Enquirer: 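Have a look at this one.
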Amino acid sequence: MSEKVVVALGGNAILQAGQEGTFEVQYNNIKGTAKYLAKLIKDGYELVIMHGNGPQVGNILLQNEEAKDVVPAQPLDALSAESQGFIGYMFIQALEEELKALGLDKNVVNLITRTVVSKDDEDFKDPSKPIGPFYSEEEAKKLAAEKGWSVGEDAGRGYRRLVPSPQPLKIIEADAIKTLAEGGSIVVAAGGGGIPVAETSNGYEGVEAVIDKDRSGYKLSEEVEADVFMILTDVENVFVNWGKPDQKALETVTVEEVEKYVAEGQFAKGSMGPKVEAALNFAKSRKGAKAIIGSLSKVDAALRGESGTIISL
Ligand SMILES: Nc1ncnc2c1ncn2[C@@H]1O[C@H](COP(=O)(O)OP(=O)(O)O)[C@@H](O)[C@H]1O
Ligand SMILES: NC(=O)OP(=O)(O)O
């Protein structure tokens, strides 16, 4: 039987720092990403693809706020849904094209996905999710004072607007995603971590927040019973002593070893921290579960155990 792999794609797969967020730029980046993913499909892996939306949902929010006197602004959960729609559209187009070029005729579907969160999550008091463009410290502080935004530093890369990022509790559409993947479709799902919703007495209601996609990736991997959960970003490995002269790449490691590094405070809160937390949670979920953090350009080598940080029990 083929291995089921959930791939969580970082921001770089769609928009790199310093690039202008035009449709063309984002589509070209996704075309590059699709080449690597199509190769995995050709190699026989069953893929569920999820992606971030931090830059995009932040930009859509700005558009809504700037145009609010002409067109009513929509709530942040609806903007998450918009981002899933347009990013998913780019993935479907690009992947289908790459698969055809490899002689494969596969269904690629994008599923609007909701993720249950708690309205009492601590992050509503102290927002942690960076979205939208980067600003200098001075610009960010001015915007915070003028518009009442929360702002903060994003992993040493500049300042960004911060919005609440509650923990994902459950992926509502997980069964449908699993059925589609097992039926042979390539599924793009839970983009941006899923649209945040909270349970009500008769269903769900939208919650204004942006979920961390790596945390949702763990939930999704567990719920679709994936063999491998891969977090792809722009570094080939997780490092200890990151940025110091004695930094060291982690290769094949046990949960126990990584937990020791977490306890030492090795991984930054806004960047590598959530990835390591999500990977550890998946690796711990059952014997045989494998979590990989690595780079998109080495994705096939990582699945062969030859690249990336590979964590298991
Ligand atoms: N310990 C570490 N090991 C490797 N990279 C790290 C570490 N700590 C911070 N980073 C940074 O984390 C970045 C990846 O996180 P982030 O940019 O948030 O991911 P993405 O947007 O791809 O999901 C890397 O580019 C690297 O600069
Ligand atoms: N939602 C989310 O985690 O997006 P980014 O990965 O783009 O920050």
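Order of listing sets the numbers, starting from 1, for every ligand and every atom in it. Predicted model only: the values in this text are computed from it and were never measured.
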Enquirer: Is the shortest heavy-atom distance from the side chain of F91 to the side chain of H51 under 4.5 Å?
Expert: yes
Enquirer: Suppose I only count heavy atoms of F267 and a 4.0 Å limit; which atoms of ligand 1 are within that range?
Expert: 1 (N)
Enquirer: According to a hydrophobic-cluster definition based on side-chain heavy atoms being under 4.5 Å apart (Ile, Leu, Val, Met, Phe, Trp, Tyr only), do V57 and V188 belong together?
Expert: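 Yes, V57 and V188 fall within the same hydrophobic cluster.
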Enquirer: Where is the nearest protein heavy atom to atom 5 (N) of ligand 1: which residue, which atom, and how far?
Expert: M272 CE, 3.4 Å
Enquirer: For atom 21 (O) of ligand 1, what's the nearest protein heavy atom and its distance?
Expert: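 Answer for atom 21 (O) of ligand 1: G11 N, 3.3 Å.
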Enquirer: Quick check for students: name every N or O atom pair between ligand 2 and the protein closer than 3.5 Å, with distances.
Expert:
residue, atom, partner, partner atom, Å
ligand 2, 1 (N), N53, OD1, 3.0
ligand 2, 1 (N), G192, O, 3.4
ligand 2, 1 (N), I211, O, 2.9
ligand 2, 3 (O), K129, NZ, 2.9
ligand 2, 3 (O), K213, N, 2.9
ligand 2, 4 (O), N53, N, 3.0
ligand 2, 4 (O), G54, N, 3.2
ligand 2, 6 (O), K213, NZ, 3.0
ligand 2, 7 (O), N53, N, 3.3
ligand 2, 7 (O), G54, N, 2.8
ligand 2, 8 (O), K129, NZ, 2.8

Enquirer: Provide, to 0.1 Å, the distance between atom 20 (P) of ligand 1 and the closest protein heavy atom, together with that atom's residue and name.
Expert: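 Here the nearest protein heavy atom works out to K275 NZ, 3.5 Å.
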Enquirer: How close do A190 and L220 get, heavy atom to heavy atom, and via which atoms?
Expert: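 Of all heavy-atom pairs spanning A190 and L220, the closest is CB-CD2, 4.2 Å.
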Enquirer: Is there a polar contact, in the sense of an N or O pair closer than 3.5 Å, between D214 and ligand 1?
Expert: no
Enquirer: Hey, mind stepping through Q84 and N110 against side-chain hydrogen bond (donor to acceptor under 3.5 Å, both in side chains) and telling me if it holds?
Expert: CA-CA 8 Å; Q84 282 188 353; N110 175 50; over 6 Å; no
Enquirer: Mind listing the closest non-hydrogen atom pair of K290 and F282 along with its distance?
Expert: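 Looking at all heavy atoms of both residues, the shortest contact is O-CE2, 3.4 Å.
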Enquirer: Testing the basics here: between L250 and T309, what is the closest heavy-atom pair and its distance to 0.1 Å?
Expert: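 Reported closest heavy-atom pair: O-OG1, 2.5 Å.
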Enquirer: Counting non-hydrogen protein atoms only, what is the nearest one to atom 16 (P) of ligand 1? Give residue, atom name and distance.
Expert: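 Heavy-atom neighbour on the protein nearest atom 16 (P) of ligand 1: R157 NH1, 3.8 Å.
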Enquirer: Assess whether side-chain hydrogen bond (donor to acceptor under 3.5 Å, both in side chains) is satisfied between Q56 and E82, documenting all intermediate values.
Expert: CA-CA 10 Å; Q56 293 78 16; E82 282 187 32; over 6 Å; no
Enquirer: Please work out, at 4.0 Å between heavy atoms, whether the side chain, the backbone, both, or neither of K248 comes within that distance of ligand 1.
Expert: neither
Enquirer: Would you call E138 and K142 a salt bridge, using N to O less than 4.0 angstrom?
Expert: no
Enquirer: Around atom 12 (O) of ligand 1, find the nearest protein heavy atom and jot down its residue, atom name and distance.
Expert: S271 CB, 3.5 Å
Enquirer: For T233, counting its heavy atoms only, list the atoms of ligand 1 lying under 4.0 Å from any of them.
Expert: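 Under 4.0 Å from T233, ligand 1 has these atoms: 14 (C), 19 (O), 20 (P), 22 (O).
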Enquirer: Heavy-atom distances under 4.0 Å decide this one: backbone, side chain, both or neither, for N237 against ligand 1?
Expert: backbone
Enquirer: I need the single residue from L37, I30, I87 that forms a side chain to side chain contact (heavy atoms under 4.5 Å, CB included) with L9. Which is it?
Expert: L37
Enquirer: Any donor-acceptor pair under 3.5 Å linking the side-chain atoms of E222 with those of N281?
Expert: no
Enquirer: What protein heavy atom lies closest to atom 24 (C) of ligand 1? Include the residue and the distance to one decimal.
Expert: D234 OD1, 3.4 Å
Enquirer: Could you tell me which non-hydrogen atom of S83 sits nearest to which non-hydrogen atom of N53, and how far apart they are?
Expert: OG-ND2, 3.1 Å
Enquirer: Which of the numbered atoms in ligand 1 are below 4.0 angstrom from a heavy atom of G10?
Expert: 20 (P), 22 (O), 23 (O)
Enquirer: Could you go through the side-chain hydrogen bond (donor to acceptor under 3.5 Å, both in side chains) check for D212 and S165 one step at a time?
Expert: CA-CA 6 Å; D212 180 90; S165 192; 5.7 Å; no
Enquirer: Does E122 pair with K125 as a salt bridge, N-O distance under 4.0 Å?
Expert: yes
Enquirer: If I apply the N/O under 3.5 Å rule, does F239 come out as touching ligand 1?
Expert: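 F239 vs ligand 1: N/O contact under 3.5 Å present.
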Enquirer: Of the protein's non-hydrogen atoms, which lies at the shortest distance from atom 26 (C) of ligand 1, and what is that distance?
Expert: W242 CZ2, 3.5 Å
